[in-house]
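What follows is a single structure, written as structure tokens, with notes after it.
Ligands are counted one by one from 1 in listed order, and the atoms in each one are counted from 1 as well. Numbering of residues begins at 1 and proceeds along the displayed sequence.
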Amino acid sequence: MNKELYRKAVEMTNMSYAPFSKFRVGAALLAKDGRVFTGCNVENSSFGGTICAERTAFVKAVSEGVKEFDRIAIASSGGEAWPCGICRQFMREFCDDDFVIITGNDEDSLRTYTMKEILPEGFKL
Ligand code: THU
């Protein structure tokens with residue numbers, strides 16, 4: 001299941017719009033209802049407007065009415081890809097401590113972490 005999700009994340013690196021960093025990122029987010037929402041990073045000439053692959057996937061899901069998630073796989077043109085701080089906080093909004101984050105250099109060397117591990121004592125109102 002993790003491998004399949006990771007493969008979708010790898011596929012999504014092809015959709016990345018990264019003319020500035022050339023760092024292509026793809027994400028595949030599995031919702032609790034079994035649906036998968038994909039995303040890629042979308043950069044902008046005004047650099048602060050750039051959106052990461054993970055947040056693209058979350059925004060696609062939430063805007064379709066889906067707010068409960070099981071796991072996310074992330075891949076990049078540089079191999080392993082760890083969510084940035086903003087994405088960790090963004091995930092925390094919708095995900096409990098046991099939400100799973102999967103990444104790796106390839107599908108045979110995947111590493112998995114939990115939300116609690118990558119954002120301990122995370123803030124949420
Ligand atoms: N990026 C992501 O898409 N996800 C991350 O978790 C880290 C960074 C993107 C943003 C930008 O387009 C590029 O990678 C370089 O920072």
Tell me whether D96 is salt-bridged to K116, with the criterion being a basic N under 4.0 Å from an acidic carboxylate O. no
Among all protein heavy atoms, pick the one closest to atom 9 (C) of ligand 1 and tell me residue, atom and distance. N41 ND2, 3.6 Å
I'd like to know if the side chain of R24 reaches the main chain of A18, judged simply by a donor and an acceptor atom lying under 3.5 Å from each other, with no hydrogens or angles considered. no
Indicate whether atom 16 (O) of ligand 1 is within a distance of less than 4.0 angstrom of some protein heavy atom. no
Closest protein heavy atom (residue, atom, distance) for atom 1 (N) of ligand 1: C52 SG, 3.6 Å
Decide whether the shortest distance between a heavy atom of A81 and an atom of ligand 1 is less than 4.0 Å. no
In short, C52 meets C87 closest at the heavy-atom pair CB-SG, 3.4 Å
Which segment of C87 sits under 4.0 Å of ligand 1 when only heavy atoms are counted: neither
Value for CG (D106) from NZ (K3), rounded to nearest 0.5 Å, stands at 9.0 Å
Residue pair S21 / E43: nearest heavy atoms and the distance that separates them: OG-OE2, 2.5 Å
To the nearest 0.5 Å, tell me how far N41 CG sits from E54 CD. 8.5 Å
Sub-4.0 Å heavy-atom approach of F20 to ligand 1: no
Side chain to side chain donor-acceptor pair (under 3.5 Å) partners for K32, two or more places apart: none
List every atom of ligand 1 that sits less than 4.0 Å from any heavy atom of S21, numbering the atoms from 1 in the order shown and giving each element. 13 (C), 15 (C)
Check contact between A18 and ligand 1, using heavy atoms of the residue and a distance below 4.0 angstrom. no
N or O pair under 3.5 Å between E43 and ligand 1: yes
When you measure from the side chain of Q89 to the backbone N and O of F123, does any donor-acceptor pair fall under 3.5 Å? yes
Kindly give the cluster partners of F99, where membership spreads through any ILVMFWY side chain lying under 4.5 Å from a current member. F23, V25, L29, F37, F58, V59, V62, V66, F69, I72, I74, W82, F90, M91, F94, I101, Y113, M115, I118, L119
Before signing off on this row, confirm whether I51 and ligand 1 have an N or O atom pair separated by under 3.5 Å. no
Identify the protein heavy atom lying closest to atom 14 (O) of ligand 1, giving its residue, its atom name and the separation to 0.1 Å. F23 CD2, 3.4 Å
May I ask you to check if ligand 1 and A53 share an N or O to N or O distance below 3.5 Å? yes
Atom indices of ligand 1, in the order listed, that fall short of 4.0 Å to a heavy atom of E54: 2 (C), 3 (O), 4 (N), 5 (C), 6 (O)
